[in-house]
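Keep in mind the model is a prediction, meaning the values are calculated, not measured. Counting starts at 1 for both ligands and their atoms, in listed order.
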Amino acid sequence: MITKFIKRILRRDPMAKHTQANHTGAPKRIPKKTHRIDPHLLSKNAVKVTDTLQQAGYEAFIVGGAVRDLVLGIGPKDFDVATNATPDQVQKLFRKARLIGRRFQIVHVTFFGKGHPEIIEVSTFRALLDNAGDHLAESGRILRDNVWGSQGEDAARRDFSINAMYYDPSSETVLDYHGGMVDIQKKTLRMIGDPVKRYREDPIRMLRAIRFAAKTGFSLEAATRSPITKLSSLLKDVPSARLFDEILKLLMSGYSWAAIQGLRDAGLHHGLLPLLDHILDSSEDSKEANQFVKLALANTDQRIQSGKSVSAGFLFATLLWPDLLKNWNANLAKGMANIPALQDAMDDTIATQSSAITIHRRFESDMCEIWSMQPRFEKRVGRYPYRLIESPRFRAGYDFLLLRCATGEKDTALGQWWTDFIAADPNGQEALMASAKNEVGNSASPLKKRRRRKPKSASTVSPTENTTS
Ligand code: ATP
Ligand code: MG
């Protein structure tokens, strides 16, 4: 769809080649017949916000990623508005408006309708940073940032040219300060200004570059790409919570596998998630882990692209599973019982992850529930299956089991048994449990036998084959 659009715009915009040079001063004004934004893709609430601000005498535009997506013919996932009104002035105009942020105040205007509430983020045009001032840390990272500026300055503060366009819904005009339209035509991601300086100001921009390249299929312009590997160590100065948010966006972008490959190619993956180090090295050892994570991410991408929801807890549970499995097996090899071995492995895995980036607590608890549920899928007699099916996170645990079956870590018959059990009536469920009991009987209680044996080596045991405790 994107390619079709680009061909169309190349045919239609006679002035396209002149826009690139317009880096400062007046923006290029792009009319409707050229940008061809489909008004149906606009959020009514975002338009309400720009209309209200304009009627009160302020300038107001839809800005950033929303304009980029609209020009590409994609429905934006959220809408930001930029204005010359100060946060206080914005707040006075809306009933449900909340000032947020300390470093740079913005206003969240909330609209309640059918479905989820929609938040429109309204920010006041930002001033350019003073290089010599005390806004920057020694590394060049922005520390303080609370001065309002003109629209032109605001545009120069944005990251990529394609993210620095302003759309006025009332005149249906796009204002383009940095040649974003031409870059869209050229399928190029280009940092505004000097890329090295911009990455030093905010190293997160390196991760954003990789995420947008994966999402749009655009290439990074040479000067935008080349400093990244050398500057990758700057990421260690970024607060962990911000890094986590960006990683989450990357994983939830619908193009996570491509983005992770992009991180590896740019040498950015080290220290973000231990599992990335692990899965992205192509040794024989990591082949299975690679396979598991690849399938998990492909599933996630597919769900997101088809508009379905994805749980971050589930996603992290899959990404850290290969590490957990390794720790669990190592504990079993040391002679620990199955469940304590799992608990201990969970603690270790989370501690290693936290040394790089801390996963938000609520995702962490989802993740632990999914993991702890796994050995319980082995118990298919008595009250166990009924109790398991009633646990609130059963569905996530079951999906996780299916993933393990799909990658060959568990026998597909186990996943199928649960699929049948969920669908069966009470008689069918009894019959299924009887058949499971026979299986256990036939294998003469594998776990008891195995316990007495010397443990297998860490790399060959599948912990959940061990079904006691
Ligand atoms: P998406 O919402 O699809 O992930 P986006 O471009 O809208 O992409 P946001 O994080 O919502 O990303 O940011 C909105 C806009 O704010 C961006 O388009 C960009 O103009 C600006 N922006 C965001 N983060 C930065 C940054 N780190 N440096 C410079 N500008 C930024
Ligand atoms: Mg956005």
K.L.:
Report yes or no: do Thr349 and Asn327 form a side-chain donor-acceptor pair below 3.5 Å?
P.N.:
yes
K.L.:
In the structure I gave you, are the side-chain heavy atoms of Phe218 and Thr188 within less than 4.5 Å of one another anywhere?
P.N.:
no
K.L.:
Applying side chain to side chain donor-acceptor pair (under 3.5 Å) between Asp159 and each of Arg208, Arg190, Arg205, report the one that passes.
P.N.:
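Exactly one pass, corresponding to Arg208.
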K.L.:
Step by step, work out the salt bridge (Lys or Arg N to Asp or Glu O under 4.0 Å) result for Asp202 and Arg242.
P.N.:
CA-CA 11 Å; Asp202 183 3; Arg242 197 160 171 242; 2.9 Å; yes
K.L.:
Before we go on, tell me: are the rings of Tyr167 and Phe79 under 6.0 Å apart, centre to centre?
P.N.:
no
K.L.:
Crowded around Gln302 CD? As in, over 12 foreign heavy atoms under 6.0 Å?
P.N.:
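Open: at most 12 neighbouring heavy atoms sit under 6.0 Å from CD of Gln302.
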K.L.:
Checking Thr419 against Tyr398: is there a side-chain donor and acceptor pair closer than 3.5 Å?
P.N.:
yes
K.L.:
Go through the side-chain N and O atoms of Asp168 and Gln54 and say whether any donor and acceptor fall under 3.5 Å apart.
P.N.:
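A pair is found: one side chain offers a donor N or O, the other an acceptor, under 3.5 Å apart.
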K.L.:
Collect the protein residues that have a non-hydrogen atom under 4.0 Å from ligand 1 and hand them over in chain and number order.
P.N.:
Gly64, Gly65, Arg68, Lys77, Asp78, Asp80, Arg157, Arg158, Asp159, Asn163, Asp202, Arg205, Arg208, Arg211, Phe212, Lys215, Arg242, Lys249
K.L.:
Taking the Mg ion (ligand 2) as the centre, how many protein N/O/S atoms fall inside a distance shorter than 2.8 Å?
P.N.:
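There are 1 of them.
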K.L.:
Do other residues, nucleotides or ligands put more than 12 heavy atoms under 6.0 Å from the CZ atom of Arg303?
P.N.:
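It does: Arg303 CZ has more than 12 such atoms within range.
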